[in-house]
Amino acid sequence: MTTEAVVVRSTDAVGVVRPNESKIASIQAYLDRATGDLLASLRNPAQLSAEERRGIIARYAAVLEGNFIYWMTGAYISVGSDEARAKIMDNLREEIRDCHPGMMRRFAMAAHAIPTDADGEAVHRNLMNVRLFIGRLSAVPILVTMAFFEGFIQRFMSYLAELAERQGSAEMEYTDVHGVCDVTHTQELFRALEAEMELAHPLPEKDLFEGVELLRTLLQSIVVNTSVQ
Ligand SMILES: [Fe+2]
């Protein structure tokens with residue numbers, strides 16, 4: 001998927017090396033590594049207790065149900081290019097038209113994993129850090145963060161579905177819809193990022209990946225309840 005996106009970019013450029021092309025490739029490599037590390041840290045669902053499985057689903061729902069649209073809206077407000085705006089609006093339209101928060105809630109309910117106060121508290125601090133980061137409305141780091149999330153979620157869905165199945169659920173619309181590996185969609189997202197980078201001053205690496213690191217920490221506190229360790 002990653003390689004294809006880079007190839008398409010090169011073909012578009014018809015032999016002309018664009019200034020941000022290698023930067024995009026290095027961002028993709030960073031995100032692939034971050035996603036790979038996170039997926040490698042997942043514990044085998046068969047070896048988790050029912051409460052541990054419930055907790056992962058519940059903390060995931062506590063974060064995603066009420067925040068994903070907020071994150072994407074922050075991305076929309078912050079970007080300046082028509083390409084990025086159109087891409088994000090497509091995403092927001094789908095989220096609302098197909099009521100993804102409702103899909104998320106049905107998924108959690110069917111797995112008997114509606115978030116409790118303790119689930120909310122377990123992710124609170126790390127979630128706040130991501131919210132505050134989004135609130136700074138800095139377009140390029142937000143788009144990099146959303147690209148990271150997009151890549152992660154596609155590969156995380158089969159794991160989440162297995163947890164739910166082991167909790168006795170057959171309600172898989174949420175994981176089916178979000179588990180599709182859509183190459184075109186990912187390419188468009190990186191094209192939007194490139195368009196946005198053309199408008200922005202180059203950022204130091206630390207600032208470019210700040211949101212990715214905050215989101216990665218948040219996702220870690222979903223897959224392992226770090227508040228009790
Ligand atoms: Fe969604």
Side-chain angles (χ1 to χ4, degrees), residues 1 5 31 34-35 38-39 42 56-79 83-111 113-115 119-120 123 126-127 130-131 133-135 137 139 141-165 167 169-193 196 211-212 214-223:
M1 179 169 69
L31 300 186
T35 304
L38 206 48
L39 294 169
L42 299 178
I56 295 170
I57 298 168
R59 290 188 297 276
Y60 180 87
V63 168
L64 267 295
E65 184 181 344
N67 289 285
F68 185 75
I69 290 173
Y70 166 86
W71 296 344
M72 286 309 284
T73 306
Y76 187 80
I77 293 168
S78 66
V79 297
E83 204 163 4
R85 238 181 240 128
K87 180 70 201 129
I88 297 163
M89 186 48 83
D90 280 354
N91 204 320
L92 278 171
R93 188 174 291 109
E94 189 183 334
E95 283 291 315
I96 290 166
R97 186 196 59 206
D98 299 343
C99 193
H100 285 199
M103 220 182 261
M104 174 83 268
R105 168 88 7 183
R106 280 197 304 280
F107 180 82
M109 281 171 77
I114 293 174
D119 296 319
V123 292
N126 292 328
L127 175 56
V130 174
R131 284 173 163 161
F133 159 77
I134 297 283
L137 301 177
I142 291 181
L143 283 181
V144 173
T145 306
M146 298 318 286
F148 167 59
F149 186 72
E150 187 99 17
F152 168 77
I153 190 177
Q154 287 167 9
R155 295 171 65 190
F156 181 63
M157 286 302 100
S158 57
Y159 181 80
L160 194 65
E162 186 180 347
L163 296 177
E165 210 176 320
Q167 295 301 93
S169 173
E171 168 56 68
M172 299 295 159
E173 189 184 10
Y174 181 84
T175 48
D176 287 348
V177 165
H178 293 88
V180 179
C181 179
D182 187 337
V183 176
T184 310
H185 180 68
T186 307
Q187 286 170 353
E188 284 171 2
L189 191 64
F190 275 95
R191 254 179 238 133
L193 173 61
E196 211 53 40
V212 173
L214 293 172
L215 182 57
R216 189 207 313 228
T217 304
L218 174 59
L219 295 170
Q220 277 163 347
S221 62
I222 289 173
V223 297

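The first residue of the sequence shown is numbered 1, and numbering continues consecutively from there. Reckoned from all heavy atoms, side chains included, excluding hydrogens, waters and symmetry mates. We count ligands from 1, going down the list as the structure has it; atoms in each ligand are counted the same way. Please read these numbers as outputs of a predicted model, since none were measured by experiment.
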#### Entry: F152 and F156 aromatic ring geometry - parallel, tilted or perpendicular at 30°/60° bounds
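If you compare the ring of F156 with that of F152, the planes turn out parallel.
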### Query
Picking from H178, R105, E65, what satisfies side-chain hydrogen bond (donor to acceptor under 3.5 Å, both in side chains) with H100?
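Answer to the side-chain hydrogen bond (donor to acceptor under 3.5 Å, both in side chains) test with H100 among H178, R105, E65: H178.
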### Query
Is there a donor-acceptor pair under 3.5 Å between the side chain of R59 and the backbone N or O of S221?
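Yes, R59 side chain to S221 backbone: donor-acceptor pair under 3.5 Å.
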### Task
Check whether any side-chain heavy atom of Y60 sits under 4.5 Å from a side-chain heavy atom of L163, and report yes or no.
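No, their side chains stay 4.5 Å or more apart.
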### Task
Could you tell me which non-hydrogen atom of M172 sits nearest to which non-hydrogen atom of A164, and how far apart they are?
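Minimum heavy-atom contact is CE-CB, 3.9 Å.
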### Task
With the Fe ion (ligand 1) as the centre, enumerate protein N/O/S atoms below 2.8 Å in chain and residue order.
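N, O, S partners closer than 2.8 Å: E95 OE2, H100 ND1, H178 NE2.
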### Message
Tell me whether R93 is salt-bridged to D90, with the criterion being a basic N under 4.0 Å from an acidic carboxylate O.
### Response
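Between D90 and R93 there is a salt bridge, with a charged N closer than 4.0 Å to a carboxylate O.
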